[in-house]
Structure formats: C-alpha cells, structure tokens
Amino acid sequence: MGLRETKKRQTRTAIADAALPLFLAHGFDRVTVAEVARQAGVSTNTVFNYFPTKEDLFFDRQSEVEQYLAALVDPLPPGACCPAAAVRDDLCAALGRGDPALGLGPGAADFFRTVEASPALRAREREIGERVETALAAALPPSPTTPLLAGALAGLHRATLRELRRRILAGDPPPAVAADLTAAATTAFTPLCPCPPPDGHGAPAAFDGSTGR
C-alpha cells in the first residue's frame with residue numbers, strides 16, 4: 001500500500017473512531033455529521049468523502065460484514081465438509097473465544113442500545129443482512145437450492161447474533177451467553193450439516209470475559 005492510500009485509510013479510521021463515542025453518548029439520531037467532523041478535526045466535506053451517509057459512519061466495517069460469510073465458503077476451509085459446517089464452526093469458534101466482534105466485549109451493550117434506539121440504524125442493519133445473504137448465495141456452488149441454502153445459513157447466523165444481543169441487553173454475563181448459544185447454534189445447524197462439530201465447540205468455558213477491545 002502506497003503512502004497516499006495509507007494516509008487515506010488512517011484518516012478514515014480516525015473519523016470513524018471520533019464518531020462512535022459521540023453516537024454512543026448522545027444517540028445516533030441526535031449527532032450531526034458536522035459534530036463528527038469537529039471532533040475528528042476535519043471538514044464536513046471530508047467526512048462525506050469517506051462516508052457517503054451518516055449510517056456509513058456508524059457501520060464503518062459494513063463491507064467486511066457483508067462479505068464475511070461468503071469468504072467462509074469460497075473456498076471451504078480445510079476440514080469443512082460443507083458450507084453449513086464452515087459457517088457453524090466459525091460462529092461457534094467465535095462464541096467460544098468471546099469474540100468482541102460478536103458483541104461479547106466491553107461496551108457491546110451501549111452499541112446495541114444505540115442501534116435499537118435508531119430507526120435509521122435498524123433499517124441499515126436489515127439492508128446489511130440482505131447483502132450478506134446475496135453475497136453468500138453468489139459464493140455457493142450454483143444449484144436450484146442455492147438461494148434457499150444461503151437464506152437458511154445467513155438466517156441462522158443472524159438469529160444467533162440477534163439472540164446474543166437480546167441476552168447482552170438483558171444483562172446476562174457474556175460467558176453464559178456464549179456457552180448457551182454455542183450449544184443452541186450447534187443443534188440448529190444439524191439439519192443442514194451431517195458433519196459433527198470439531199472438538200471443543202461444545203465447551204466454550206475457556207472464555208472468561210476478559211477478552212475485549
């Protein structure tokens with residue numbers, strides 16, 4: 001990566017890092033792009049150069065999220081017998097290690113509450129979910145059942161994370177949430193995958209809640 005691209009990436013990251021605390025503290029709908037620009041020390045036009053909409057500021061890793069499941073199945077990782085196994089095993093492994101990206105780290109409840117309080121963010125979340133499913137379908141081997149399989153896999157993944165959010169917002173301890181959802185997800189994926197999960201996916205007790213960002 002050249003110097004110009006490095007600086008552009010650093011600027012983008014700095015703007016997103018300045019925006020998130022404002023959104024969490026004051027609510028997404030109450031914070032203006034101009035306030036984000038002042039906090040980041042850039043002009044409003046500069047913010048829009050990197051983030052076309054305010055929702056893009058909040059979900060600054062949207063493109064990565066949209067392609068995540070597709071990348072799990074194309075190509076299949078070593079040891080995965082089918083696409084469902086790849087999605088299941090990655091999800092259970094992330095739960096088992098208390099991955100903050102799932103919402104198991106410090107501050108996750110504040111993030112979730114901010115999303116729940118904003119119709120605009122909830123709408124963008126639904127759009128992201130649709131794009132995840134579309135990208136997954138494009139990555140799977142083509143067949144008449146491909147759209148249905150993509151919907152089932154993306155739906156199970158999304159439902160697991162939705163239940164995780166509900167539990168975290170209810171104040172349940174992350175280790176318990178991770179353990180319960182690992183077991184539930186393993187069971188839910190069984191009709192879609194005949195392969196047993198790898199050893200250890202049923203026992204995420206090693207997660208002690210200390211992982212976070």
Side-chain angles (χ1 to χ4, degrees), residues 59-109 111-112 115 124-143 145-168 172-213:
F59 293 117
D60 62 299
R61 297 180 180 177
Q62 175 177 330
S63 60
E64 298 174 30
V65 172
E66 290 172 358
Q67 296 298 319
Y68 188 82
L69 295 188
L72 291 178
V73 304
D74 186 20
L76 284 177
C81 70
C82 63
V87 174
R88 177 200 63 195
D89 295 349
D90 180 84
L91 176 59
C92 290
L95 288 166
R97 65 176 179 269
D99 193 340
L102 298 186
L104 291 168
F111 185 92
F112 290 151
V115 174
R124 174 58 65 89
E125 250 193 345
R126 289 192 292 272
E127 292 177 10
I128 294 172
E130 292 172 358
R131 292 170 186 164
V132 167
E133 186 174 325
T134 298
L136 178 58
L140 292 170
S143 80
T145 62
T146 292
L148 305 184
L149 179 60
L153 294 179
L156 273 176
H157 193 275
R158 186 165 55 248
T160 303
L161 299 187
R162 186 167 57 243
E163 177 63 7
L164 184 150
R165 176 186 298 187
R166 186 192 69 79
R167 294 277 304 271
I168 293 297
D172 293 349
V177 175
D180 291 347
L181 290 183
T182 298
T186 300
T187 300
F189 272 90
T190 298
L192 298 174
C193 179
C195 312
D199 291 341
H201 277 189
F207 170 43
D208 63 5
S210 60
T211 307
R213 62 177 177 183

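Between Pro197 and Thr186, the shortest heavy-atom contact is CG-CG2, 3.7 Å. When all heavy atoms of Ile168 and Gly103 are compared, the pair lying nearest together is CG1-O, 3.8 Å. Considering every non-hydrogen atom in both Arg88 and Pro198, the closest pair reads NH2-CD, 4.4 Å. When all heavy atoms of Leu69 and Ala154 are compared, the pair lying nearest together is CD1-CA, 4.1 Å.
Every side-chain contact (heavy atoms from CB on, under 4.5 Å) that Ala108 has, sequence neighbours left out, goes to Phe112. Not counting sequence neighbours, Phe59 has no partner by the ring-ring contact (aromatic ring centres under 6.0 Å, His included) test. Residues forming a side-chain hydrogen bond (donor to acceptor under 3.5 Å, both in side chains) with Ser143 (at least two apart in sequence, or on another chain): Thr145, Thr146. Every residue was checked against the salt bridge (Lys or Arg N to Asp or Glu O under 4.0 Å) condition with Arg162, not counting sequence neighbours, and none meets it. Residues passing the salt bridge (Lys or Arg N to Asp or Glu O under 4.0 Å) test with Arg158, sequence neighbours excluded: none. With sequence neighbours excluded, the residues forming a side-chain contact (heavy atoms from CB on, under 4.5 Å) with Leu156 are Ala188, Phe189, Leu192, listed by chain and number. For Leu181, the side-chain contact (heavy atoms from CB on, under 4.5 Å) partners two or more places apart in sequence, or in a different chain, are Leu95, Thr160, Glu163, Leu164, Val177. For the side-chain hydrogen bond (donor to acceptor under 3.5 Å, both in side chains) test, no residue two or more places apart in sequence or in another chain qualifies with Arg126. Judged as a side-chain contact (heavy atoms from CB on, under 4.5 Å), and not counting sequence neighbours, Pro147 has no contacts.
Taking CZ of Arg166 as the start and CG of Asp172 as the end, the distance is 7.0 Å to the nearest 0.5 Å. Atoms CG and CG, from Leu91 and Leu153 in turn, are 11.0 Å apart once rounded to the nearest 0.5 Å.
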List the atom pairs, with distances to 0.1 Å, where a side-chain N or O of residues 71-84 and a protein N or O form a donor-acceptor pair under 3.5 Å, not counting sequence neighbours.
none

Using distance only, find each side-chain donor-acceptor pair of residues 131-142 under 3.5 Å and give its atom names and separation, not counting sequence neighbours.
residue	atom	partner	partner atom	Å
Arg131	NH1	Glu66	OE2	3.2
Thr134	OG1	Glu130	O	3.0

